[in-house]
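From a predicted model like this one, the values you see are computed outputs, not experimental measurements.
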Amino acid sequence: MQQKPKKQRTRIEDVRRVELIDAAHRIFLKEGLRGLTSAKICAEAGLSQGILTYYFKDKEEVLFEMVRMNNRILANEIVGNLRRSRCGWERLIALIDGNFPAQRFDQPTASAWISLYSEASHNERYARLLRPYYRRLKSNVSDILKPYLGPTEIDHFVRGFAALIDGLWLRRGHADIDLPLEEAKSILIDYARNTLGPELVRQLNSVRAPGV
C-alpha cells in the first residue's frame, strides 16, 4: 500500500513532462529558439508558471528532450522506409525521403531548426544535440555503400550528402524562396547518382537489400 502513492506520482510526472515537451515543440516551431521561454512553455501547456523547474532542471533540458523526441520520430520513419526497400538504391532513396518528411517540410519548421543550428555553431551544449543525427546518417549511408566503397570514399559522399540536406532545409526556411519538396529530394537523388556513378548505381539497383 505504501508504494501506490509513489507510483501515482511517477505517472503524473511522466504525463507533465510529456505535456511540457510537446508545448515546447509547438512554440519552437512557431517562434524558433528565441521564443522558447519557460513562461511560454508553461502557458502553452496550460500549467502554472514556474512548474517547469519542478519537472526539469531548466529550459535547456526541455529543449534537449524535445530534440531527442524529434530524433526518435525521424529515426523511426527512416527505419520503416528502409525495411520497405528492396535494394541498395531504394534504401538510399528511403534515407532521402526520411530526411524530407512531407508533413514537416514547411517554412516555419525549417526556420525553427535553422535557429537551433545557428545557436549550435557557438554553443557546445546545443551542438551535442545535433551530433547523434549526423552519426546515424553516416551509419545508415555506410551500411548501404560499404560493400562497394572504402571508408574515405564513403566519408566524402556522406559529407556532401549531409551538406545538401542542411542546405536544402536552410533554403526552405527563407520565406522568399520557393523550394518544393520533390525538387529538394530530386537534388539529393541527382547528387547521389552523379557522385556514385552509373555502374555503382546499377549494382545498388540489382542487389537486394538485407532481409528482403
Looking at D14 and R17, is there a salt bridge between them, counting it only when a charged N and a carboxylate O are closer than 4.0 Å?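 Here R17 does not pair with D14 in a salt bridge, since their nearest N and O are not under 4.0 Å apart.
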Pairing of K57 and E61 as salt bridge, 4.0 angstrom limit: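 E61 and K57: not salt-bridged.
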Separation between [atom1] of [X] and [atom2] of [Y], rounded to the nearest 0.5 Å:
| X | Y | atom1 | atom2 | answer |
| --- | --- | --- | --- | --- |
| I165 | Y191 | CD1 | OH | 10.0 Å |
| E19 | I41 | CD | CD1 | 13.5 Å |
| D58 | S38 | CG | OG | 8.0 Å |
| I187 | L179 | CD1 | CG | 6.0 Å |
| N194 | I189 | CG | CD1 | 11.5 Å |
| L52 | R16 | CG | CZ | 13.0 Å |

Membership question, hydrophobic clusters at under 4.5 Å side-chain separation (ILVMFWY): are [Y] and [X] in the same one?
| X | Y | result |
| --- | --- | --- |
| F56 | L33 | yes |
| L200 | I96 | yes |
| M66 | I73 | yes |

Side-chain donor or acceptor of S206 paired with backbone N/O of Q203 under 3.5 Å: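 Present.
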Can you give the donor-acceptor pairs under 3.5 Å from side chains of residues 130-137 to other protein atoms, not counting sequence neighbours?
from : atom 1 : to   : atom 2 : distance (Å)
R131 : NH1    : E124 : OE2    : 2.8
R131 : NH2    : E124 : OE1    : 3.1
R131 : NH2    : E124 : OE2    : 2.9
Y133 : OH     : N99  : OD1    : 2.6
Y134 : OH     : D166 : OD1    : 3.1
Y134 : OH     : D166 : OD2    : 2.7

Determine which pairs satisfy salt bridge (charged side-chain N to carboxylate O under 4.0 Å, His left out) with at least one residue from residues 100-121, sequence neighbours left out, and list them in order.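 Every salt bridge (charged side-chain N to carboxylate O under 4.0 Å, His left out) pair that includes a residue of residues 100-121, provided the two are not neighbours, is E77-R104.
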Which residue pairs pass the salt bridge (charged side-chain N to carboxylate O under 4.0 Å, His left out) test with at least one member in residues 31-41, sequence neighbours excluded?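 Salt bridge (charged side-chain N to carboxylate O under 4.0 Å, His left out) check on residues 31-41 returns E31-K40.
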N81 vs L95 side-chain heavy atoms within contact, under 4.5 Å: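 No. Closest side-chain heavy atoms not under 4.5 Å.
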Would you tabulate the side-chain donor-acceptor contacts of residues 151-162 under 3.5 Å, counting partners in other chains and residues two or more places apart, or write 'none'?
from : atom 1 : to   : atom 2 : distance (Å)
E153 : OE1    : G150 : N      : 3.0
D155 : OD1    : K138 : NZ     : 3.1

Can you name the residues that form a side-chain contact (heavy atoms from CB on, under 4.5 Å) with R68, not counting sequence neighbours?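 If we apply the side-chain contact (heavy atoms from CB on, under 4.5 Å) test to R68, skipping adjacent residues, the hits are F64, E65, R72.
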Do you know which two heavy atoms are closest between A94 and S85, and how far apart they sit?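 Looking at all heavy atoms of both residues, the closest pair is CB-OG, 3.6 Å.
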Just wondering, more than 12 heavy atoms not from E60 lying within 6.0 Å of its CD?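 It does: E60 CD has more than 12 such atoms within range.
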For a quick check under 3.5 Å, do E182 and S186 share a side-chain donor-acceptor pair by atom type?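 Distance-only check fails for E182 and S186.
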Applying ring pair (Phe, Tyr, Trp, His ring centres under 6.0 Å) as the test, list every pair that has at least one member in residues 102-128; sequence neighbours left out.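 Applying ring pair (Phe, Tyr, Trp, His ring centres under 6.0 Å) to every pair that reaches into residues 102-128, excluding sequence neighbours, yields F28-W113, F100-F105, F105-W169.
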Intermediate values then yes/no, side-chain contact (heavy atoms from CB on, under 4.5 Å), L145 and L204: CA-CA 9 Å; L145 298 180; L204 288 169; 4.1 Å; yes
